[in-house]
Number of protein chains: 2
Amino acid sequence: MPHTSAAPSSAVQALSLLLGQVPHLTATDIQVFVAHWQKEVQLPRGEFLIRPGQAEHTLYFVHTGLLRIYFPTGAEEICVGFGYESSLICSFPSFVTGQPSEYGIQALRRSELLGISRTDFMAFVEQNANFARFWRAELERNLVGRIEREIDLLLPDPLHRYQRLLARSPQLFQRVPKKYIASYLRMTPETLSRLR
Amino acid sequence: MPHTSAAPSSAVQALSLLLGQVPHLTATDIQVFVAHWQKEVQLPRGEFLIRPGQAEHTLYFVHTGLLRIYFPTGAEEICVGFGYESSLICSFPSFVTGQPSEYGIQALRRSELLGISRTDFMAFVEQNANFARFWRAELERNLVGRIEREIDLLLPDPLHRYQRLLARSPQLFQRVPKKYIASYLRMTPETLSRLR
DNA sequence: CCAAATCCTTGATGGCAATCAAGATTTACC
DNA sequence: GGTAAATCTTGATTGCCATCAAGGATTTGG
């Protein structure tokens, strides 16, 4: 083992692993790319990655932990998504448009993340067809998922919404506090509890 | 005017106009591209572009008319989106994944469309960085819009949902029958009527 | 321009989930 | 491991939207 360079962090290794699954990306591509994920963040439980109204144009990789994305209405906060280990997370509209984020992102457990700036990330997408393909696949997967979810939200019957989510993401119910799932399912914690 | 080639159809002209707004696309790029939109469709009011369960992996350009995208539940159909003039429309999950469509698309007025197969379209995206950029921008715009919409659907109060949609898409209320808007807003036509 | 269908509105009633409340359980953190 | 906080469950009540129904307005298509 060479002593001249520091060993890559565990988070960088995990990110490299994720990228290794992308077709046609070379080891060199990945090595150069991960070097640009320079923003290391450690969040204790309850801490915020992004607060609503804040301009934060960073794409994050969740190495460990669990986060929720929420939208603050006047009265309450509604949960619109979660961030799991080994996935990407950001306030998407803010990341894409450059506007301040309407959403907040909060750690539900102690979480470790790696971040890359919008500028750096988009430079890779522009200059390398393989990264462009990767980002396009991310966008398509995300979009298909959101359309699925739109159905869930339109179903009038709380039981149907619960059953669809349970079928699609059973692991959610073992990791995320039920009250956030209830908000995500557009019902009160009491109603969710009675359905189970 | 040359007699050796047929004049481009009005639909092709409109599509070319839309593509002309894309940065870096050359006139030649556009000319070659639009030649692959070979599926011409004319739908009378009430007719279906795609029926649920059908495999239809075509991307459509709406030249004239108005369509609704809907999801059939056991009891009723819920409206998940609309297709306007000079915009693209498809059953997105089906177009991307190649699976049969869970959604239906129906003409609400007499509509004229142009279609391109998934295979042909993706070939352009793969081979030309400018088309890749165009498709990426489409995906990002679409995704941002869906996230906006997710908020609308999560708001518990029908009045708030109505107000948000009215602020974002006031033209909708002048073009689309209210009963479809009501379904889109997750409420009954009676409730929507009382809000106005 | 007319007839028929579709769509929109207004009213009365009932059901279901939100709300309020309290106790039980789990989880976090020192 | 022990204590405090957070979360989950169960129960009673209320309010709001869906449902059902009917009359009026608009649109469609010949």
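So that the names make sense, note that chain A is the first sequence line, chain B the second, and so on, each numbered from 1.
Aromatic pair Phe173(B)/Tyr162(B): ring centres closer than 6.0 Å. With ring centers used as reference points, Phe121(A) lies 6.0 Å or more from Phe131(A).
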Is there a salt bridge (Lys or Arg N to Asp or Glu O under 4.0 Å) between Arg68(B) and Glu77(B) once you walk through the steps?
-> CA-CA 11 Å; Arg68(B) 73 173 173 125; Glu77(B) 295 171 347; 2.8 Å; yes
Test salt bridge (Lys or Arg N to Asp or Glu O under 4.0 Å) on Arg164(B) and Glu148(B) and set out the steps.
-> CA-CA 10 Å; Arg164(B) 272 182 69 101; Glu148(B) 273 297 303; 3.2 Å; yes
Report the C-alpha separation of Tyr103(B) and Ile151(A) in whole Å, then their side-chain angles, then the decisive distance to 0.1 Å, and conclude whether the side-chain contact (heavy atoms from CB on, under 4.5 Å) test is met.
-> CA-CA 10 Å; Tyr103(B) 304 85; Ile151(A) 303 302; 3.5 Å; yes
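Between the P atom of dT27(D) and the CD atom of Gln174(B) lies a distance of 12 Å, rounded to the nearest Å. Rounded to whole Å, the distance from CZ on Phe173(A) to P on dC8(D) is 12 Å. Atom-to-atom, CD of Glu76(B) to P of dA18(D) comes out at 10 Å; the value is rounded to the nearest Å. The distance from atom CG of Asp157(B) to atom P of dC16(D) is 10 Å, rounded to the nearest whole Å.
Looking at Arg133(B) and Glu138(B), their side chains never come closer than 4.5 Å, going by heavy atoms from C-beta outward.
In terms of phosphate contacts, Lys178(A) brings no side-chain nitrogen or oxygen within less than 4.0 Å of OP1 or OP2 of dT7(D).
Within the nucleic acid shown, Pro156(B) has no heavy atom closer than 4.0 Å to any nucleic acid atom. Contacts of Arg109(B) with the nucleic acid, taken as non-hydrogen atoms under 4.0 Å apart, involve only primed sugar atoms and P, OP1 or OP2.
Residues from residues 181-196 of chain A with heavy atoms under 4.0 angstrom of DNA chain D, sorted by number: Glu190(A), Ser193(A), Arg194(A), Arg196(A).
Comment: Glu126(B) engages Arg136(A) in a salt bridge, judged by a side-chain N to carboxylate O separation of less than 4.0 angstrom. Ion pairing between a basic and an acidic side chain is recognised when a charged N comes within 4.0 Å of a carboxylate O; Arg186(B) and Asp152(B) show no such pairing.
Taking atom P in both dT28(D) and dT9(C), one finds a spacing of 16 Å when rounded to whole Å.
At a cut-off of 3.5 Å, with distance as the only test, a side-chain donor of Ser101(B) or Ser91(B) sits close to an acceptor on the other residue. Arg51(A) and Gln106(A) form no side-chain donor-acceptor contact under 3.5 Å, judged by distance and modelled atom types alone.
From the 5' end on, the contacts that DNA chain C makes with chain B at under 4.0 Å to a non-hydrogen atom open and close at dT6(C) to dA12(C).
Under the 30°/60° scheme for interplanar angles, the aromatic rings of Phe82(A) and Tyr84(A) are found to be tilted.
One axis for each end of the helix from dT9(C)-dA22(D) to dC30(C)-dG1(D), each built from five base pairs, and the angle between them comes to 60° at 10° resolution.
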